[in-house]
S.K.: 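Before we start, here is the structure in question, set down as structure tokens.
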Amino acid sequence: MLFPWKNNDNSKDHAKSRLKLIIAHDRASINSDILKAMREEILDVVARYVEVDREEMEFSLSNDQRMTSLTANLPIRQIKRLGELQRQLQENNGLDLQKIEVVEIDKTADSKNAPSK
Amino acid sequence: MSRIIVVTSGKGGVGKTTTTSNLGAALAKQNRSVALIDADFGLRNLDLLLGLEERVVYTAIDVLAGECRLAQALVKDKRLKGLVLLPAAQNRNKEAVRPEQMQKIATALAKGYDYILIDCPAGIELGFRNAISAAQEALIVTTPEVAAVRDADRVIGLLEAEGVNKISLIVNRVKPHMVEENKMMSVEDVLELLGVPLNGVVPVDEKVIEATNRGEPLVLGEFESTPAMAYTNIAKRLEGEKVPFLDLMANQGNILSRLRKIFGG
Ligand SMILES: Nc1ncnc2c1ncn2[C@@H]1O[C@H](COP(=O)(O)OP(=O)(O)O)[C@@H](O)[C@H]1O
Ligand SMILES: [Mg+2]
């Protein structure tokens, strides 16, 4: 080896990346208030477009080796009609819905137990 | 206006008691009146670090039990006008005191002293809750190691939940040569993780151990040492002075690192 000192294994980088993960997880699991506030806000946005089953929904934080992630499982009861959406959005903030691509909704699907994934 | 400050960390052995004793002495040296409260019931050692152990007569428990007046329990430091210690009981455990009682004592002391520094026990149970009950501010002591930083983050969260929002950080036991070699997190790394303002940086130094052997806070020593300067600076920053942080890396330009620079290592 020509420059043996180039080969140090930077154990401080391990320390830092491990701490980033574990601190994120600690903070989230301890401060349930933050999680609650975030959940309410996300739900407000989602509820503008679809009707969510509030009893069945799940919010959770998990982390693996690389990252902490937020998983939201929101069973959808019913998806709103395009016209309804258009009215709502225009009332709220004058958005131009023409720019949003419309996806055909299968009206025969059982809207009560629509899969959430 | 007096200030009630808790010195806390979550993890044990990171330097809370060392910080409390040196900071108390440094503030007293700057002509402030300071009362130190040892809140580590059952494992008291602030009296030892200050060299006051032989003069302890009463403890906080005696005050609470009405067996003596608060003023009688205070041990005066003869070397420093204005520095007193309220010892913890050694023969009782942490459950012997409740948060309201600690609050009462600290508030009473706040009438007579500029600073009340509370030396917190390790952990986050009752002893911790006692120690923070009266605090308006907190000094978090941590070291650049994973367990200490994690515990510090937890404790910061708990303090914030209790409404103690004036929080700053002391990074203790920094080893400049390890930081240089990327084998230890730097102060900047720790700050980035914890997200609270820095109040001081203290290197690992044998003189800290020598001073505890003698029972004499470093800032009272004959010779200036790096850790003594660090504690003096922390005291000044508490007083609102803008003092630049010590450059612990200044002496790290050894032959190896200079070679590394030359070879772009
Ligand atoms: N900067 C330092 N350099 C060298 N030793 C230190 C330093 N800070 C603390 N120590 C040593 O570490 C040990 C734990 O310190 P202490 O203040 O009792 O921690 P805590 O009160 O957080 O449990 C003691 O033996 C002390 O002398
Ligand atoms: Mg201690």
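Each chain gets a letter, A, B and so on, in the order the sequences are listed, and its residues count up from 1.
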S.K.: What part of B:Asp189 gets within 4.5 angstrom of chain A, counting heavy atoms only: side chain, backbone, both, or neither?
M.R.: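 Answer is both: backbone and side chain atoms of B:Asp189 are under 4.5 Å from chain A.
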S.K.: Could you tell me whether the side chain of B:Val149 reaches within less than 4.5 Å of the side chain of A:Ile23, counting heavy atoms only?
M.R.: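 Side-chain contact under 4.5 Å: yes.
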S.K.: Where does B:Met185 contact chain A at under 4.5 Å (heavy atoms): side chain, backbone, both or neither?
M.R.: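 Contact with chain A is through both the backbone and side chain of B:Met185.
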S.K.: To the nearest 0.5 angstrom, please state how far the CZ atom of B:Arg150 sits from the NE2 atom of A:His25.
M.R.: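 Interatomic distance, B:Arg150 CZ to A:His25 NE2, rounded to 0.5 Å: 9.5 Å.
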S.K.: By side chain to side chain contact (heavy atoms under 4.5 Å, CB included), which residues pair with B:Glu160, not counting sequence neighbours?
M.R.: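 Only B:Ile156, B:Asn165, B:Ile167 meet the side chain to side chain contact (heavy atoms under 4.5 Å, CB included) criterion with B:Glu160.
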S.K.: What residue, out of B:Asp153, B:Val179, B:Val146, has the most heavy-atom pairs lying under 4.5 Å from chain A?
M.R.: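 When all of B:Asp153, B:Val179, B:Val146 are compared, B:Asp153 has the most.
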S.K.: Look at atom CD of A:Glu40 and say whether more than 12 heavy atoms of other residues, nucleotides or ligands are closer to it than 6.0 Å.
M.R.: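 Yes, because the 6.0 Å sphere around CD of A:Glu40 holds more than 12 heavy atoms from other groups.
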S.K.: Is it the side chain or the backbone of B:Arg154 that comes within 4.5 Å of chain A heavy atoms, both, or neither?
M.R.: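 Contact with chain A involves the side chain of B:Arg154 alone.
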S.K.: Less than 4.5 Å apart, any side-chain heavy atom of B:Met178 and any of A:Lys12?
M.R.: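 Side-chain contact under 4.5 Å: no.
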S.K.: Distance-only check: which donor-acceptor pairs under 3.5 Å involve side-chain atoms of residues 193-209 of chain B, not counting sequence neighbours?
M.R.:
residue	atom	partner	partner atom	Å
B:Asn199	ND2	B:Ser168	OG	2.9
B:Asp205	OD1	B:Lys207	N	2.8

S.K.: Quick one: does B:Glu192's side chain get under 4.5 Å of A:Lys16's, heavy atoms only?
M.R.: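 Counting from C-beta outward, B:Glu192 and A:Lys16 do come under 4.5 Å.
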